[in-house]
Amino acid sequence: MKAAVVVFLGTNCETETKRALEYCGFDVNYVNFDTKNLDDYDAVFLSGGFSYGDYIRSGRLAKFTPVVDALKNYIESKRGVTVGICNGFQILCEAHILKGALVENDSSRFICKNTSLELCYKGKKRKIILPIAHREGKYVCFDDINEFVFLKYLDNPNGSMHDVAGLYDAKRRVMGLMPHPERAVFAKNFGFDGREFFEIIKDEIKRG
Amino acid sequence: MRLSVDKFIVNQIEKRLKRKMNELEKHIFSAMWSEHCGYLHSKNELKKFNTKGALFPYENSGGVKIGEWGIFFKTESHNHPCAVEPYQGAATGIGGIIRDILALNARPIALLNSLKFSFSQKHLIEGVARGISDYGNSCGIANVGGEVIFDDKYYDLPIVNVMAVGIVPVEKVKLSAAKKNCIIALLGSPTGPDGVGGAAFASKELADNKSDDKIHVQIGDPFVKKKLIEATLEILKLDGVVGCQDCGAAGLLSSTSEMAYKGKCSIELDLDKLHLSKNDLSAAQILLSETQERMVFALQEEVFDEVFNIAKRYELEISKIGKTYKGDEYIIKKDGKILSNTPVQVICEPYVYELCPKNCNNKNERECFLQTDLSSAVNKLVSNPEFASKKWFFQQWDYAVGGRTFMPPQQSGAAALKLFENDYFIGICMDSKPRLCELDSYLGTKSTFLESYRNLVSSGFEPLGLTNCLNFANPENNDTQSDFVRVTSALADISNAFGIPVVSGNVSFYNETKSTKIYPTVTVGMLGYCKSENELIEAVFCKNEDVFLIGRKINLNSNIGGSLYQKILFDFLGGKLDTSNYELEIALKNAIFELRKKDLLSGAIDVSKGGLLGSLLCVLFNSDIGFCGTLLDNKNYNDAQKLKLLFGEIEGRYIFSTNNFHKTENYLIGNNIPFTYLGKCVGDKIKFDGYEFDLNELKDKYLNSIENVLDEF
Amino acid sequence: MERFFAKVIVTLKDEVKDNRALVLDKMLKNLNIEDNPAFSTGRFYTFSLSAQNLSDAHDKTDFICREILSNPVVEKYEINSIEAI
Amino acid sequence: MERFFAKVIVTLKDEVKDNRALVLDKMLKNLNIEDNPAFSTGRFYTFSLSAQNLSDAHDKTDFICREILSNPVVEKYEINSIEAI
Ligand SMILES: Nc1ncnc2c1ncn2[C@@H]1O[C@H](COP(=O)(O)OP(=O)(O)O)[C@@H](O)[C@H]1O
Ligand SMILES: [Mg+2]
């Protein structure tokens, strides 16, 4: 399966995302923010970091790049699965591809640690552990999004509404999450639950 | 702009120039012959260091070789800027050390820091922590470790030492020397008036009125830095790039003159060609500006277009600002006129002082016989900010970005990073023992080295090299000179004895105000390696396992001067320091590695802060298990004696847990390793010698006492 | 075309908790400066623009605030002033 | 004691480069919205305070701006308004 990892100026988790995806069996290319077509790829990953320095607000400026226009076409044409991790999730929300927005953590501080989460996939619920690393990760949304949530904090670290850590779009082809599955693939201390997450993505791609 | 060159130095300069300096040259020399750039008081002493086995110890950063890869690491101090403006000071400290690594074409992969504050100065703590968080996290370089020490000696004199680590194939390393017939290009942020005079500023005592000093603080932008890192690494791949140098202290002046000096060629700079953020800057301002996020390159003319295109892709500005040719002149042009023409050697070979201190004051060698009961001592220790978990700090720092981090902070003695490039692991730590150095700067420095050494060993790493940061008060003062000489001798001696080279470092003087000065503060950053994940050792013990102590046994006659418990419980600083035994240290290292190989060691920690009981508590908190055993060899000690035996700090000890008591005991006996059996990891109580503590109660204090104070403003 | 100069302010919607403000409230209270300052925080921008006339300039400023400077899910904006220059 | 309501704005000093603003300038240009908007950015705060009288309230607001809300090394502030409430 072919995956694209989008690199904006200021993105900084592209290497580990690529490494993790390759470990999980993907063919991975980096694509730049000026890319105009993503149709080659079964999945598109927006990885973590500080695109455009998180100026104005995190994820905001990336939404004006050609690759995000391309991404909208990609989603519209139902070509493959889109996944936004951390800053990628923020970008998807700013671009209104996913509902809601991410604002500063209740503590007003950056938080880097492992968190316990509830993963709901195909009607089954399971506890997993993934690391988080963000300052603006508090999810806010005033619509009813409950049915689209696939990942919830068990011990809400940042004040997210309804404990939301990750959710789908209405068509279930786009997923955004604040935790970093790509950091939970190789090292025992961060757990290996990231591998399971990427298996889910493969499943989603096959589901078509 | 302030000029700070004294008469004696002016004479030295003019003697060598064989003429008077003009206005611009006064600025040039005030920066280049400052303590910060010129190492006037330290250069001779630093020559003592052992650099055998180090890669490029005289470059922007030195390193060690692991496989075919060069691992470069260096420390930087940003004490003065942080005292004035903690947020920007810390941020630009990180920015600066990243550039020193980057200049060698190494990709920065990890950051560490060593911080000292007075715990009462919350705004400094908060500002520095946030500065590191905002800057380091956005650059995408994992902030994997370090240390925080609190002591009122650092009131108004915070110590902020940062360290960066980078990786590059050895044959791809780029050096800083220019060659003749190159062009000089400046990449990055447009030069502005910020930070002008910073080098001179860092070379003097702080003014009592801080607002006067604020103009010298530089301002960082991590987003630009991230782009600069990527662009620089692309540029340095090109063949026609001859040399590279970061723009740090004394900005363009220092970087370009060094390039000419190292390359034994002339440089001519045309200041009209620079991209500026403000038009009406004087030549001195342009040369001395410490605007952040800039790199200087010496290039062959043919590659400039390619370099220009890389810059453009990263939305960075670049300009051709000068050229090199055969000779030894440093020439500054502006508005078509030559403003200064001086020999490069005179700029880059400042006068250096011989330190010949007279004997210094006697230190307090008195022992501490104060006492308190053990239960209250334990509770005080675990909730003291210096002993307690530094979670409040490291959770604000992204220690996992890059996906290389294998052991996060607190989980082991040293941070572990995987080099996916060659499948090795590196371990890194940063340590200092300022109170020990205050009591005896020679032994204290050795103890600091050994602390780092044991941190690496207890995490499974073979130590390879070290960097250091020497923070001192005014070097013109006799006591400070005396300490400086003893510290550098100690570091030279012990690094020779262990065959672990000093690869790089930094010196910061003038850490004093009118009313107070800091302890001699020696920070050591050490790096080691291991070959596979199985060799990594966490400071975590397993349930139902047996706990051994290996190494020295403490007794009532041991020298435990400077032990942390004495400060925490009695605000006492005194005593003699323990001396170290190198053969024992090496035997202990081998034992730990062997036991690990035989699967007889599940977790280990070096015995340091808080002595035997302090270290045991730390591991038990990490492991979330209780303990039952015997720590004292006799029940009849009085309280003072118990405190000494349980919390006293001596050299040469580790504790570890094993799943096989007999095999372990046999191994230790067979190999003549001194050991003591301590007890078993069980339950959720910590029980020894008739005392009992609740694990969770203590752990809660240990984990939260810092944030309970700092989050309350 | 004329040139105009706009000042705008972007703030969080009332229903979104303003964490920075709460930190400031606590800080002023702990420092004994103010018991209940009830802070609110926002971002401030000025910029210049070309437009046919004032009403046109208004529309354009509104567009820039809505599409570029704020996120309507959690933020609101206010045009402070628009002046011809 | 009376209660007052203050609005203040903190911006970068003129000699400090406003990187955020530069990125916005470029963005608006790239999107063909404005060629040279010459953005500047800042932070906006409102809060209430107790003081004897208006002049007193001014001093206190000034103090809060200087000591708490701004970083005098790189920023300046402006008191937009102070009103009795
Ligand atoms: N305490 C020290 N121990 C070893 N090397 C040192 C020490 N202090 C400075 N150096 C070395 O001196 C050189 C110049 O250092 P410095 O002026 O800090 O460089 P830069 O200007 O690039 O930051 C470097 O090679 C540095 O590693
Ligand atoms: Mg350098």
Side-chain angles (χ1 to χ4, degrees), chain C residues 1-12 14 18-51 56-57 59-70 75-82 85, chain D residues 1-12 14 18 20-52 56-57 59-70 75-82 85:
Chain C
M1 290 296 241
E2 282 178 73
R3 292 291 288 170
F4 295 86
F5 184 71
K7 294 185 183 179
V8 305
I9 287 168
V10 180
T11 50
L12 287 171
D14 297 336
D18 186 343
N19 290 318
R20 282 190 194 209
L22 295 175
V23 171
L24 286 169
D25 286 348
K26 197 157 97 184
M27 189 142 99
L28 259 68
K29 192 180 154 116
N30 287 340
L31 293 171
N32 281 323
I33 301 175
E34 260 304 320
D35 244 19
N36 179 23
F39 263 95
S40 88
T41 72
R43 299 191 305 275
F44 174 71
Y45 300 94
T46 69
F47 52 92
S48 51
L49 66 161
S50 302
D56 201 33
D59 291 351
K60 195 163 173 183
T61 303
D62 204 66
F63 174 82
I64 291 173
C65 288
R66 198 174 56 240
E67 295 297 321
I68 313 266
L69 299 177
S70 73
E75 294 173 329
K76 59 190 196 303
Y77 57 86
E78 189 186 306
I79 299 175
N80 234 358
S81 68
I82 302 184
I85 43 176
Chain D
M1 291 294 244
E2 283 178 71
R3 293 291 287 171
F4 295 87
F5 184 72
K7 293 185 185 181
V8 305
I9 287 169
V10 179
T11 51
L12 288 172
D14 296 336
D18 187 343
R20 286 155 207 265
L22 295 175
V23 170
L24 279 171
D25 286 349
K26 195 178 285 157
M27 211 49 106
L28 258 68
K29 192 181 156 116
N30 288 347
L31 294 170
N32 281 325
I33 301 175
E34 261 302 320
D35 245 17
N36 178 24
F39 263 95
S40 87
T41 72
R43 298 191 306 275
F44 173 72
Y45 300 93
T46 69
F47 54 92
S48 52
L49 66 163
S50 301
Q52 297 294 352
D56 202 32
D59 291 349
K60 194 161 174 182
T61 303
D62 205 67
F63 173 83
I64 292 174
C65 287
R66 197 174 58 240
E67 297 296 324
I68 313 272
L69 300 178
S70 75
E75 293 173 330
K76 58 189 195 308
Y77 57 85
E78 189 186 307
I79 300 174
N80 236 0
S81 67
I82 303 184
I85 44 176

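Below, each value reflects all heavy atoms present in this structure, side chains not excepted, and no hydrogens, waters or symmetry copies.
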May I ask you to test the D:Asp25-C:Phe47 pair for a side-chain heavy-atom distance under 4.5 Å?
-> no
Counting a contact as any heavy-atom pair under 4.5 Å apart, which residues of residues 5-12 of chain C contact chain D?
-> C:Ile9, C:Thr11
Taking atom CD1 of D:Ile68 and atom CG of C:Leu24, what is their separation to the nearest 0.5 Å?
-> 8.0 Å
Contacting moiety of C:Arg20, where chain D heavy atoms sit under 4.5 Å = neither
Chain D shares the most heavy-atom pairs under 4.5 Å, among C:Gly42, C:Ala38, C:Ser50, with C:Gly42
Who are the ring-ring contact (aromatic ring centres under 6.0 Å, His included) partners of C:Phe44, not counting sequence neighbours?
-> none
Measure distances from C:Leu49 to the heavy atoms of chain D and classify the residue's part below 4.5 Å as side chain, backbone, both or neither.
-> both
Hey, does C:Lys60 have a side-chain heavy atom less than 4.5 Å from the side chain of D:Ile33?
-> yes
Note, C:Arg43 side chain near D:Thr41 side chain (heavy atom, < 4.5 Å) = no
If you round to the nearest 0.5 Å, how far is CD of C:Glu34 from CZ of D:Arg3?
-> 5.0 Å
